[in-house]
Amino acid sequence: MSSWQTVYQSANPHQTEIVKDVLINAGLKAIVFNKQDHAYKFGNIEVKVDPDSVMRAIKIIEEEINFNHE
């Protein structure tokens, strides 16, 4: 797993789970890696994919996911 690449990070666990699910539904292998401090809830949670899927994952995230509620 050390070769997996981060394609998204957030302090919001719900957003990272949504990103992971969208990538999995698109046929990619994706995992959530929680680097957040459990006691104080600071730090980021990362979504990682295998190195061969990085460009496709970034494109899917940019085109299909928007957490801005403007």
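Only a predicted model underlies this, so the values are computations on that prediction, with no experimental measurement involved.
The line from CG of D21 to CD1 of I65 is 9.5 Å long, rounded to the nearest 0.5 Å.
Of all heavy-atom pairs spanning A30 and I24, the tightest one is O-CD1, 3.9 Å. For the residue pair S3 and P51, the shortest heavy atom distance occurs at O-CG, 3.1 Å.
Identified under the salt bridge (Lys or Arg N to Asp or Glu O under 4.0 Å) test for residues 26-36, with sequence neighbours left out: K35-E46.
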For a quick test of your reading: what N or O donor-acceptor pairs under 3.5 Å do the side chains of residues 52-64 make, sequence neighbours left out?
{"unit_1": "S53", "atom_1": "OG", "unit_2": "D50", "atom_2": "OD1", "d": "3.3"}
{"unit_1": "S53", "atom_1": "OG", "unit_2": "D50", "atom_2": "OD2", "d": "3.2"}
{"unit_1": "R56", "atom_1": "NH2", "unit_2": "A26", "atom_2": "O", "d": "2.7"}

Got a list of side-chain donor-acceptor pairs under 3.5 Å for residues 8-19, not counting sequence neighbours?
{"unit_1": "Y8", "atom_1": "OH", "unit_2": "Q15", "atom_2": "OE1", "d": "3.2"}
{"unit_1": "S10", "atom_1": "OG", "unit_2": "N12", "atom_2": "N", "d": "2.9"}
{"unit_1": "S10", "atom_1": "OG", "unit_2": "Q15", "atom_2": "OE1", "d": "3.2"}
{"unit_1": "N12", "atom_1": "OD1", "unit_2": "H14", "atom_2": "N", "d": "2.8"}
{"unit_1": "N12", "atom_1": "OD1", "unit_2": "Q15", "atom_2": "N", "d": "3.2"}
{"unit_1": "T16", "atom_1": "OG1", "unit_2": "P13", "atom_2": "O", "d": "2.8"}
{"unit_1": "E17", "atom_1": "OE1", "unit_2": "K20", "atom_2": "NZ", "d": "3.2"}

